[in-house]
Structure formats: structure tokens, C-alpha cells
Amino acid sequence: MSTWSGTRNAALTARSLRAVWHPATQMKAHETVPLIPMVSGDGPWLTDADGRRYLDAISSWWVNLFGHRAPRIVAAIRDQLDQLEHVILAGFTHEPVVALSERLSAATDGALGHAFYASDGASATEIALKMSAHYWRNAGRPGKHGFLCVEGGYHGETMGALGVTDVPLFRRAYEPLVRAAVTMPTPDWRRATPGESNAECAIRAASAVERHLAAHADEIAAIIVEPLIQCAGGMAMHDPEYLRRLRAICDRFDVHLVADEIAVGFGRTGTLFAHEQAGIRPDFLCLSKGLTGGFLPLSVVLATDRIYDAFYDDDATRGFLHSHSYTGNPLACRAALAVLDIFADDNVIAVNRRKAARFDAIAAPLASDPRIAWFRRTGMIWAFDVPSAPRGFARRFSTAALEAGALLVPLGRTVYLMPPYGVDDAEFAMIVAAAQTALDAAFTD
Ligand SMILES: *Cc1c(COP(=O)(O)O)cnc(C)c1O
């Protein structure tokens, strides 16, 4: 065991292992894999209890956009703390939730002008699915309550969301509890057949949806997709033509298109929202993760006028009957407003485009490593596969990356780089170097 893994605050680690049930973790694995107590964050850097610094190259599971303790977000939350920390949103309202809803509507050119809030991504998925099925019920078509999802898609892990999540590891144990959606083929461009372009691969995947709906549209309320990148399923990227086709197919068969941009929203794909690259708008847009810049739990489902109007009635049972205790929390809304201010004031999308091109050059030596396949990028997400990865690759890789000073967590045999937007060229070079070191370590016994 290296000194590195033995010196951290052992007392805190031991208390955590006794009292905290950590997420998505086989707790027994921590008998050998160290748990790292973090004490502070600053920009893209995290500092542990021993004063060691790590570059957060996965943006703390994709939530952090502008670095840890980003000053403008800190200031916005502090200011709100002196006014109102929370109030019930049923029957009451407040400036931060109104302003945020207006700004999000404007960000979709008014196409998705009705904002319904929750606190996490899985709840946003649940809301979109419930709203879609309830819409069809209100529209006099109660038989339309089934859903289509995409192979390898991830939409959260509550029981409703698991029904549209196609990641066997997360789903298998709970299969009897879940009402499964119908899974459609992935448009993942790695699945292109020889001679087929990425767009043709996407069209082939969309055609399967079309065939299914031609026979079953009467039973289907919506299809839920992760636009441009299926993140948790292994950073599977696809051509925007998929979304254009789906939009047309959904219109033709009277089926809702739910865009789950919980991971890819807020600039990750190179546009504020990923679906913009297809020149379409979904019927529902789910947002969370980056929404508050990684500060506070908040999610939102944006819906069109058409959806909203189907619920607007004298009859209470035609209303959308769903609530969360912290719906529209003012502190979280202020954090989100600060995030939108930073996008506007700092011209983040355009700056990121130039940055991504420079980062491509920095990553070139890694991209040409013979052990790597499918080195790919969309916007500010880089990913590659390691087809010959040895057993235990992800754990070995991430442990070695930490020793090299970068927080990198592969998804199985797929490694991805998803740093906060503020990283500079030197910091990105450090991430790339750590990935190279970790790759070597993972292949060495
Ligand atoms: C993370 C994620 C979710 C679930 O969000 P939670 O806040 O973890 O519940 C849903 N959809 C996508 C695409 C995600 O990446």
C-alpha cells in the first residue's frame, strides 16, 4: 500500500464507513479501496484532509460547471439567505422562482414556457413521464400511458425512472418492482455498420422507433432520450439527425418527445441545450445537475403551452397532481440564476468552443495511444474506450488517476474527461497526463 492511501484522516473515514451508506457503492469494497475525506474546494481543485489536491476532472459527477465555490454563485446564495430561505410553492410564489422560470423559458425562445420544479434528476424524469401520461388522459386517450426508452439510456434510479433506464447493473435487482418501458436501439455512432455514416446510423435507429409506433402509437405516451450523448451508459454519442427524425416521428404519431438534458444541458455539448443542435424543440425538457452549478439540489421540467393547456381546467383532478417539499427552493433558484448570469456575462458557450479546440490538441497524444479506441468529443466532453481493459480496470484506473492528482472515474471500459468549464490549458494538460499515467498503471500488475 502506498503512503498516499494510508495517510488520510483515518478517523473521519472510519466514522463515515460506520454511519454513512455511500451511494452506488458496495460498502465492503472500502475494506481495500480508500474513502477520501475532502475538506475544501477551489475552482476545479478539491483538497483532502491531508492537504493533497485533486483536479476534479468529472465535475463532481457532472454537476459542477464553474468550479467549486464559484464566487458569483456563492454571493447569490448568501444574498438570498438574508431574505428568504424557503417557502411552500403551492399557493405562494417568490421572485427567484419566477425570474428563473422566465429566464429558462427565454432560453428556449418561449417554446417551453412552463416550469415545474423538483430537487433531483430522477424526480424530473418521473414528472415528465407522469405529465405526459396525464396529458393523454386529459386529452381523452387514457390508453396512451406506455413509454419508449433507448438502449443504454439512463434517466435516474427511482422506480419510475428505472423503468426507462437501460443500465442492467442499476436495474437487475429491482426488476420485479419496475414497469419496464419498451427499449429502442441506440443511435450510438460506434454502432455504425461499415460504410454507414453517423447520420445514417442515427436514421436507422430512428426508423426502429417509427416502425414501433406505426403499430403501437395508441399505447405510447412518450419517448425519453438523452440528446447527443447517453452519458451514464458510457458516453455514447450520436448524430443530431436522430433527434430531427424523432421529432418528425413523434409529431406524426402523436407521441411526446422528452429530452432528458439533466447531464448534457447547460453547455456540455457546445450549445446551451443539446437539442438545439438538431434545430428542434422537445415537448418536455428535463434539467438538473448543472442547473445550480453544482451548489444545491434542484431540477426542473419545462413543458410547452400545449401540454400546460391540457391541464388548465375547473376540475381539480385534471390538474398536475405532484409536489415536492422543496419545490422551487429560493436558494437553489438564486444559484441557478447566477449560473445563467455567468453564461451571459462571460460568453461561456463561445469561449468553450475555442477552448475545446485547444484541448483537442492537448489530448492528441492520448487519442493516438494504441490501447484506445473511439476517442471522441462532443462539446466539453471527451471520451474513449479501452477494449482490452484488464479486470477491475475502472477501479485501478481511478485509483492511479487520484495518485496522479486527478479525479477521473471510468464508466466500465470507457474513460471520459468532463472538467468544470474554468480549467485552463495547463490544468487540462495535467488531466491528460494523469489519464495517461492511470492507463499505464491499469495495464501493469
Ligand atoms: C444523473 C442523471 C439523471 C438522474 O439525476 P439524479 O439527480 O442523480 O437523480 C437522469 N438523467 C440523466 C441523463 C442523468 O445523467
J.: Just how far is it from atom CZ of Arg268 to atom CD1 of Ile262, taken to the nearest 0.5 Å?
T.: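 Those atoms lie 15.0 Å apart.
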J.: Quick check against the 3.5 Å criterion: does Arg141 have a side-chain atom that pairs as donor or acceptor with the backbone of Trp136?
T.: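 Not confirmed, Arg141 side chain does not pair with Trp136 backbone.
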J.: Evaluate salt bridge (Lys or Arg N to Asp or Glu O under 4.0 Å) for Glu200 paired with Arg204, printing each intermediate quantity in order.
T.: CA-CA 6 Å; Glu200 285 161 346; Arg204 183 159 51 82; over 6 Å; no
J.: Are there more than 12 heavy atoms of other residues, nucleotides or ligands under 6.0 Å from atom CZ of Arg306?
T.: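 No.
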J.: Starting from the C-alpha separation in whole Å, work towards a yes-or-no answer on side-chain contact (heavy atoms from CB on, under 4.5 Å) for Leu243 and Leu228.
T.: CA-CA 8 Å; Leu243 304 168; Leu228 299 190; 4.0 Å; yes
J.: Between the side chains of His30 and Thr13, does any donor sit under 3.5 Å from an acceptor?
T.: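 On atom types as modelled, these side chains do not qualify, holding no pair under 3.5 Å.
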J.: Is the shortest side-chain N to carboxylate O distance from Glu241 to Arg245 below 4.0 Å?
T.: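 A salt bridge is present here (some side-chain N lies under 4.0 Å from a carboxylate O).
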J.: Please evaluate residues Arg377 and Tyr416 with respect to the criterion side-chain contact (heavy atoms from CB on, under 4.5 Å), reporting the C-alpha separation (whole Å), side-chain torsions for both, the decisive distance (0.1 Å), and the verdict.
T.: CA-CA 9 Å; Arg377 173 174 74 83; Tyr416 67 94; over 6 Å; no
J.: In Å, rounded to the nearest 0.5 Å, how long is the span from NE2 of His134 to CG of Leu321?
T.: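 His134 NE2 to Leu321 CG: 6.0 Å, rounded to 0.5 Å.
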J.: Looking only at side chains, do Arg395 and Thr32 share a donor and an acceptor under 3.5 Å apart?
T.: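 No pair is found: no donor N or O on one side chain lies under 3.5 Å from an acceptor on the other.
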J.: Between His238 and Asn198, is there a side-chain donor-acceptor contact under 3.5 Å, judged purely by atom types and distance?
T.: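 Note: Asn198 and His238 side chains miss the donor-acceptor criterion.
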J.: Hey, could you give me the CE/CD1 distance between Met418 and Ile431, rounded to the nearest 0.5 Å?
T.: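 Those atoms lie 12.5 Å apart.
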J.: Can you find a pair of side-chain heavy atoms, one from Cys286 and one from Ile127, that are under 4.5 Å apart?
T.: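 They are not in side-chain contact.
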J.: On the 0 to 90° scale, with breaks at 30° and 60°, tag the Phe273-Phe266 ring pair as parallel, tilted or perpendicular.
T.: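 Perpendicular: the ring planes of Phe273 and Phe266 meet at over 60°.
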J.: Of the options Asp283, Ile307, Leu285, which is the one that meets Leu302 in a side-chain contact (heavy atoms from CB on, under 4.5 Å)?
T.: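 For Leu302, the side-chain contact (heavy atoms from CB on, under 4.5 Å) test succeeds with only one of Asp283, Ile307, Leu285, which is Leu285.
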J.: Counting only heavy atoms not in Tyr326 (residues, nucleotides, ligands), do more than 12 fall under 6.0 Å from its OH?
T.: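 Open.
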J.: Any heavy-atom pair between the side chains of Ile73 and Thr292 that's under 4.5 Å?
T.: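 The answer is no, as the side chains (C-beta and beyond) never meet within the 4.5 Å cut-off.
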J.: Any side-chain heavy-atom pair from Leu257 and Ile223 closer than 4.5 angstrom?
T.: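 Sidechains of Ile223 and Leu257: in contact.
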J.: Would one find more than 12 heavy atoms of other residues, nucleotides or ligands at under 6.0 Å from atom CE of Met159?
T.: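 No, because the 6.0 Å sphere around CE of Met159 holds 12 heavy atoms or fewer from other groups.
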J.: Does a side-chain heavy-atom distance below 4.5 Å link Leu55 with Pro44?
T.: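 In short, these two side chains touch, coming nearer than 4.5 Å.
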J.: Please confirm whether the backbone N or O of Cys231 pairs with a side-chain atom of Glu226, one donor and one acceptor, at under 3.5 Å?
T.: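 The answer is yes, because a donor-acceptor pair under 3.5 Å joins these two groups.
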J.: Would a 4.5 Å heavy-atom cut-off, applied to side chains only, mark Leu100 and Leu298 as touching?
T.: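 Yes, close enough: below the 4.5 Å cut-off.
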J.: How are the rings of Phe393 and Phe397 set relative to one another: parallel (under 30°), tilted (30 to 60°) or perpendicular (over 60°)?
T.: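 Geometry flag for Phe397 against Phe393: tilted rings.
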J.: With sequence neighbours left out, what residues match Arg190 under side chain to side chain contact (heavy atoms under 4.5 Å, CB included)?
T.: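 Expected list: Asp188, Ala236, Trp374, Arg376, Asp385, Thr414.
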J.: Whether the His256 and Ser132 side chains hold a donor-acceptor pair (N or O, under 3.5 Å, no angle test) is what I'd like checked.
T.: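 A donor-acceptor contact under 3.5 Å links the two side chains.
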J.: How many angstroms lie between atom CG of Leu65 and atom NZ of Lys289, to the nearest 0.5 angstrom?
T.: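 So the gap between those two atoms works out to 12.0 Å.
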J.: Let's go through Tyr117 and His324 carefully: what are the C-alpha distance in whole Å and the side-chain angles of both, what is the deciding distance for side-chain contact (heavy atoms from CB on, under 4.5 Å) to 0.1 Å, and is it a yes or a no?
T.: CA-CA 8 Å; Tyr117 293 89; His324 290 280; over 6 Å; no
J.: Can any side-chain N or O of Arg247 pair as donor or acceptor with the backbone N or O of Arg281 at less than 3.5 Å?
T.: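 Answer holds: yes.
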J.: side-chain contact (heavy atoms from CB on, under 4.5 Å) between Glu210 and Phe253: does it pass, once the steps are laid out?
T.: CA-CA 9 Å; Glu210 185 172 22; Phe253 290 104; 4.1 Å; yes
J.: Would you confirm whether Gln277, through its side chain, and Thr269, through its main-chain N or O, come within 3.5 Å as a donor-acceptor pair?
T.: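 At least one qualifying donor-acceptor pair exists.
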J.: If you compare all heavy atoms of Ser398 against all heavy atoms of Leu408, which two are closest, and at what distance to 0.1 Å?
T.: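 Smallest interatomic distance, heavy atoms only, reads CB-O, 3.0 Å.
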J.: Looking only at heavy atoms, which two atoms of Ala400 and Ala438 are closest? And how far apart?
T.: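 For Ala400 and Ala438, the tightest heavy-atom pair comes out as CB-CA, 3.7 Å.
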J.: Could you pull out the closest heavy-atom pair between Cys333 and Gly328, with the gap in Å?
T.: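 Minimum heavy-atom contact is SG-O, 3.7 Å.
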J.: Could you state the interatomic distance from CG (Asp313) to CG (Asp309), rounded to the nearest 0.5 Å?
T.: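 Rounded to the nearest 0.5 Å, the CG-CG separation comes to 11.0 Å.
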J.: Any non-hydrogen side-chain atom of Val258 less than 4.5 Å from a side-chain atom of His155?
T.: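 Sidechains of His155 and Val258: no contact.
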J.: Please check if the side chain of Asn329 supplies one atom and the backbone of Glu85 the other of a donor-acceptor pair under 3.5 Å.
T.: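 Yes, because the side chain of Asn329 sits within donor-acceptor range (under 3.5 Å) of the backbone of Glu85.
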J.: Are any non-hydrogen side-chain atoms of His216 and Val255 less than 4.5 angstrom apart?
T.: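 No, their side chains stay 4.5 Å or more apart.
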J.: Once rounded to the nearest 0.5 Å, what's the spacing between atom CG of Leu213 and atom CD1 of Ile220?
T.: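 So the gap between those two atoms works out to 6.5 Å.
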J.: Walk me through it: do Ser16 and His22 pass the test side-chain hydrogen bond (donor to acceptor under 3.5 Å, both in side chains)?
T.: CA-CA 9 Å; Ser16 190; His22 291 266; 2.8 Å; yes
J.: Between Thr165 (side chain) and Tyr154 (backbone), is there a donor-acceptor pair under 3.5 Å?
T.: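 Judged by distance alone, no pair lies under 3.5 Å.
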J.: Salt bridge check: are Asp254 and Lys144 linked by an N-O gap of less than 4.0 Å?
T.: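 No salt bridge links Asp254 with Lys144.
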J.: For the side chain of Glu151 and the backbone of Thr186, is there at least one donor-acceptor N/O pair under 3.5 Å apart?
T.: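 Checking the backbone N and O of Thr186 against the side chain of Glu151, a donor-acceptor pair under 3.5 Å is found.
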J.: Would you confirm whether Arg252, through its side chain, and Ala214, through its main-chain N or O, come within 3.5 Å as a donor-acceptor pair?
T.: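 Not a single qualifying donor-acceptor pair exists.
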J.: For Asp239 and Arg244, which heavy atoms make the closest approach, and how far apart are they?
T.: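 What the structure gives for the nearest pair is OD1-NH2, 4.5 Å.
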J.: Determine, stepwise, if the pair Glu31 / Lys28 fulfils salt bridge (Lys or Arg N to Asp or Glu O under 4.0 Å).
T.: CA-CA 6 Å; Glu31 286 179 5; Lys28 189 164 190 288; 3.6 Å; yes
J.: Indicate whether any N or O donor in one side chain lies under 3.5 Å from an N or O acceptor in the other, for Asp56 and Ser60.
T.: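 Distance-only check passes for Asp56 and Ser60.
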J.: May I ask you to decide if Gly152's main-chain N or O and Asp166's side chain share a donor-acceptor pair within less than 3.5 Å?
T.: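 A pair under 3.5 Å: yes.
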J.: Of all heavy-atom pairs between Ile349 and Gly270, which one has the smallest distance, and what is that distance?
T.: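 Distance-wise, the nearest heavy atoms are CG2-O, 3.3 Å.
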J.: Counting C-beta onward and ignoring hydrogens, is there a side-chain heavy-atom pair between Trp45 and Leu407 closer than 4.5 Å?
T.: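 No, every pair of side-chain atoms sits at 4.5 Å or beyond.
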J.: Verify the ring-centre separation between Phe66 and Phe343: is it less than 6.0 angstrom?
T.: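 They qualify: ring centres under 6.0 Å apart.
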J.: Tell me whether Glu157 contacts the main-chain N or O of Phe170 through its side chain, where contact means a donor paired with an acceptor under 3.5 Å.
T.: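 Flag not set: sc Glu157 to bb Phe170 has no pair under 3.5 Å.
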J.: Can you see which heavy atom on His86 is nearest to which on Ser325, and at what distance?
T.: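 Looks like NE2-O, 3.1 Å.
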J.: Which of these passes side chain to side chain donor-acceptor pair (under 3.5 Å) with His145: Arg137, Arg179, Glu219?
T.: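 Exactly one option meets the side chain to side chain donor-acceptor pair (under 3.5 Å) with His145, and it is Arg179.
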